[in-house]
Amino acid sequence: MAHPHDAPLVPTDRDPLLDGLNEPQREAVLHRGPALLIVAGAGSGKTRVLTHRIASLLRSREAWPSQILAITFTNKAAGEMRERVEELVGEQAKGMWISTFHSACVRILRREAEQFGFTKAFTIYDSGDVRALMKRLVKEHEADAYGLTPASTQARISMLKNELQDADAYARQANMTDPAERVFVEIFQDYTRRLRQANAFDFDDLLAQTVYLFRAFPQVADVYRRRFRHILVDEYQDTNHAQYQLIRELTKPASGEGVDVGDGMIALIPDAAEAGASLTVVGDSDQSIYAFRGADIRNITEFERDFPGARVVLLEQNYRSSQNILDAANAVISNNFDRKDKKLWTDQGAGHTVIGFTGYSQHDEAQFVADEIESLRSSSVGYDDIAVFYRTNSQSRALEEIFIRSAIPYRIMGGTKFYDRAEIKDALAYLVAVVNPADEMAVRRILNKPKRGIGAVTETNIARFAADNDLTFRDALAHAGEIGLGPKQQKVLDHLDAVLREAQEILLPASGDDAPPSAVAEGMQVLLNRSGYLDALRQSQDPQDEARVENLDELVAVTREFARNNPDGTVIDFLTEVALVADSDNLDDASGTVSLMTLHTAKGLEFDTVFLTGVEEDLIPHRISAGEPGGPQEERRLFYVGITRARQRLFLSLAMTRAQFGEVSVAMPSRFLQEIPAGLVDWRQSPGDVNSRGGMRSRALNATAPRENRWGVKPLEPSRSKASLAEFTNRVTGKVRDNGDLELDPGDRIRHDDFGEGVVDAITGQGAKRIAHVRFDSAGAKKLLIKVAPIEKL
DNA sequence: ATACAGTCGATTTTT
DNA sequence: TCGACTGTAT
C-alpha cells in the first residue's frame, strides 16, 4: 500500500510501523503537535493506531518510555495495549505507564499521600465499602426521615465528586433552608471526614484527590508534568469531568517559577515554562455509554475548543464487520440527532444477513440461541468466537439454564466478582486491619468474624472507649481490659489483637526490613487460621461454606501468584491490585467457551458471531433510561456498540413475554429494531409471526403505525404498501387470542401449537398472569402464560 | 448475642 | 424471584 506519492511524513519509505495502515491511520501515527483527536469509529483500528503511535515515538527517540502515559478504560485494555506495544518495541515498553485513570492516580497518590495528611498505606473503598459506611451515616443523621437513602446519598456524592465538588464547596452554595439538603450536606461532610480519618479514598476520590493534590501543590504537579511528555487517552468519550481536569492539569506546562494567583490557578512566567505535554485522545462519541455515571460527552465534542491547535483525524474505514452489519449499525445510530454524521464502511463485502428471532419466552429465546450455536458449531465455528450480549445481568440466567442443558460451554464475564464475595472481603479486611489500622470500617468488619460473641453493644463500647481516650478503634482492641467488658469479650479481643500483631510482624516487620515476597501469603494464612475464620467455616453445616473455604484457598493462591509476578510487591501493592482490578483479565482462558456479557462489558471487544438478546422495549432502551435526559440516546449507542462488536454474523433476538421479579409480563419489540432497514434482517420468526399465532397484540406495532412491513416478514401476498399493512394489523388484532377464561388444572392434557401435547403439572399466578407448568411429551417442561399461549385443552 | 422466620422491597450499566 | 432486613424467640 505504500505508494511513493503517498507523501510520507517522515523520510522512511518501507516503515514497518506504517505498513498496512490507511492514510488517516498513518497520519494519526505520525502527526506531532500539542493535541491530536483521533475520531475512531467502531472497528477502525484505533488500538493499532495508538500502539503504533507510541512505538513511533519511542523508535524515533522523541520520547523515553518513562515519558509516556497511556490511559485506557479497563485494566484488561491496558494489559493488551502493553502487550501490543511490547511486540513492536520489545523490552522498552516496561518503563511506560499504561494503566487506567484509577491505577495511575493510585500510583501518584501512594507516592504523595504524606503531602496532605494520608499515608501511603491508604485503603481504597469500593462501592460496597462506601455503601456500608453510608448506611451507618444515614442512620446516625436520621436522614431517612428526609427521604434520603444510603443508595441515593451515595450516588449523589459520587456525582458531585466526579464534578470535583467537595463537601465544603458544596455546602457553601447549598440551599440550607431545605432541611433535607442540610442533612445531605452534613452527611457529605461527615463522610469526607470519616474517609480522611480512616486513611481511605473511595473510587471517585482517587481522581478528585489527585486533581486536588496537583492544584494545591503545584511543585508536586510539576514533577509529573515534566515527566510525562506524551499523554494518550483511549475511550475519551467516556471520561468524566474529574478525568478531564486531571488531563488538563497534566498537560499544563510545568510552572517552574509559577506564581500562585489563588483559586488554584497558576500564572506562568513565560520564560520559565516548558511546553505542556503532547496530548492524544481517541474516541467515538457514538460509543459513549457511561453518561449515567458522569461521563461527559462534551469532553470529546469540544476537544478542539479546549485544546486550540488540535489536529483531528477521522478513522471511518472499518476492518471488523461485514457491510450488512455496518449498514444496520449506521441505520440505528443515525437516529440520534445531535451527532456528527459519520458512516462506517468496509471493503469486505456484504456478508451474512442479520438474523432475527422472536421467542415466546426468554427460555424460548435462549433455546434459539443455543440451537444456533450448535449449528454454527457443526460448521466449524469455535465456541470462543461466539458471544451473547444482554442488557442486564439478570438476563443471563435463562441463557445459562439452557446452555447447561445443551452442554454448551460458556463463561460469564463481569457479573458477581470473586472479590465481591463476603468471605473474600472478610479476608481482605483482615489484611487491611493490619496494614491500615486507621481503617475503622475494616476493623469493625472483622470484629465478629468469625462469630466471637461480640455484638452491637460491645462494638459501641469499644468505639466509645476509643473516642474517650483518643485512640483508634484498632488500638482500643489492645486495651480490652480497660474498656469494662465481660471476661469472655475481653479474652476474645485480646486474642484478636494478638493475631493482628502477629500478622503485622510478618507483613510489616518492625525491624524496618522489607518483608519477603511470600509475606502476603503467609500473613494471610496466619490471619485466616489463627483468627479461627477458616475453622469456623470448616465446622459449619452449611454446604456453601465449603465453597467459601475453597474460595479462600484460591485467594491464598492469588497472593502467591502475585508474589511470583511482582517480586518487589508489597501488601499494599497487592491490596491495590485487588481493589482496582476487576477479574475481567481472566480472559486468557477464553478458549473453548461462549462468552456471555452485558452490552457495557462488550465495549472494546469483538467476536465473529454475536447474539444480541432481549431486544425489547423496557430492556433496551431500558425502562429507567426513559426518564433521564439523553437516556434513550445513550441506550441507542449501547445497542450500536453491541451491533458493531460482530465481525461476521449478527443475531438479534427477543421474547414476547419475559419473567421479571417472578412476574411474567408482556414484552414489546424494541424501537431500535424498527430502525434497521427491513431488508437487512432475515426474521426466522418475527414479532409479527408470534403475534399472529400467539394472539398477542403488539402495542409497539399499533403505537408506531409502521408505514411498511417493518419486520421484514415475507408477505404472503405481494406487498401493497398501505393496503398490506392494514391487512397485517387487522390480521393481528382480528385474531387476538385470549384464553383468559380457560380453566386448567393439574393433570389436564393440553396441546400447544409448537410443543405438541403435554400434561399440566401445576398452575401458579393470578388472573391474567396465571401460568401453567406443563410437561410436554417431547418438548420437556415449559411454563406458559395461560392467557396468551397458543394452547388448547384436550 | 444469635438464630431464624417472615416480611418487605427493590430490582441498569461499573472503573 | 431473590436477597437483604426486621423483629421475635431462644
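On a predicted model such as this, the values are computed, not experimentally measured, just so you know. Lettering follows sequence order; numbering is per chain, from 1.
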Inset, instruction - Would you mind classifying the nucleic acid contact of A:Ile454 as base, sugar-phosphate or nothing, using non-hydrogen atoms under 4.0 angstrom? - result: sugar-phosphate
Legend entry - A:Asp129 vs A:Met441 side-chain heavy atoms within contact, under 4.5 Å: no
Legend entry - B:dT12 base / A:Arg391 side chain donor-acceptor hit below 3.5 Å: yes
Legend entry - Which residue lies more 5' along DNA chain B, comparing A:Gly453 with A:Ala151 via nearest heavy atoms: A:Gly453
Legend entry - Candidate nucleotides C:dC5, B:dT12, B:dT15, ranked by approach to the side chain of A:Thr100 - the nearest: B:dT15
Inset, instruction - Mind checking A:Asp126 for me? I need base, sugar-phosphate or nothing, with any heavy atom below 4.0 Å counting as a touch. - result: nothing
Legend entry - Among A:Thr613, A:Thr601, A:Ile412, side chain to side chain contact (heavy atoms under 4.5 Å, CB included) partner for A:Leu596: A:Ile412
Legend entry - A:Lys451, nearest nucleotide to its side chain (from B:dT12, B:dT13, B:dA3): B:dA3
Legend entry - Candidates B:dT14, B:dA1, B:dT12 - which lies nearest the side chain of A:Val457: B:dA1
Inset, instruction - Please work out if A:Lys603 contacts a base, only the sugar-phosphate, or nothing of the nucleic acid, heavy-atom cut-off 4.0 Å. - result: nothing
Legend entry - Whole-Å distance separating the CD atom of A:Glu400 from the C1' atom of C:dT1: 15 Å
Inset, instruction - Tell me whether A:Phe292 is stacked on the nucleobase of B:dT12, counting only the six-membered base ring and applying the 5.5 Å and 30° thresholds. - result: no
Inset, instruction - Determine the contact category for A:Arg623: base if any of its heavy atoms lies under 4.0 Å from a base atom, sugar-phosphate if only primed atoms, P, OP1 or OP2 are that close, otherwise nothing. - result: nothing
Inset, instruction - Answer yes or no: does atom CD of A:Glu459 have more than 12 heavy-atom neighbours from other residues, nucleotides or ligands under 6.0 Å? - result: yes
Inset, instruction - Please report, rounded to the nearest Å, how far the C1' atom of B:dT11 is from the CD1 atom of A:Ile624. - result: 7 Å
Inset, instruction - Name the nucleic acid region contacted by A:Thr458, choosing base, sugar-phosphate or nothing; use a 4.0 angstrom heavy-atom cut-off, strictly under. - result: sugar-phosphate
Inset, instruction - Scan A:Phe101 against the nucleic acid and name what it touches under 4.0 Å (heavy atoms): base, sugar-phosphate only, or nothing. - result: nothing
Legend entry - Protein-nucleotide distance (A:Asp238, atom CG; B:dT14, atom P), rounded to Å: 13 Å
Legend entry - Closest to side chain of A:Gln489, choosing from B:dT12, B:dA1, B:dT14: B:dA1
Inset, instruction - Classify the side chain of A:His102 and the base of B:dT15 as holding, or not holding, a donor-acceptor pair under 3.5 Å. - result: yes
Legend entry - Rounded distance (Å) that lies between atom P of B:dT14 and atom CD of A:Gln287: 16 Å
Inset, instruction - For atom CZ of A:Arg110, decide whether the heavy atoms of other residues, nucleotides or ligands shown that lie under 6.0 angstrom number more than 12. - result: yes
Inset, instruction - State whether the aromatic ring of A:Phe203 stacks on the base of B:dT15, taking stacking to mean ring centres under 5.5 Å apart and ring planes under 30° to each other. - result: yes
Inset, instruction - Classify the side-chain pair A:Arg658/A:Ser361 by whether it contains a donor and acceptor separated by less than 3.5 Å. - result: no
Legend entry - Whether A:Phe607 and A:Phe389 hold their rings parallel, tilted or perpendicular, with breakpoints at 30° and 60°: perpendicular
Inset, instruction - Using whole Å, report how far CG of A:Leu596 lies from C1' of B:dT13. - result: 17 Å
Inset, instruction - To the nearest Å, give me how far apart CZ (A:Arg658) and C1' (B:dT11) are. - result: 15 Å
Legend entry - Distance in angstrom units between A:Asn162 CG and B:dT14 C1', rounded: 12 Å
Legend entry - Nearest-nucleotide pick for A:Glu635, side chain only, options being B:dT15, B:dT12, B:dT2: B:dT12
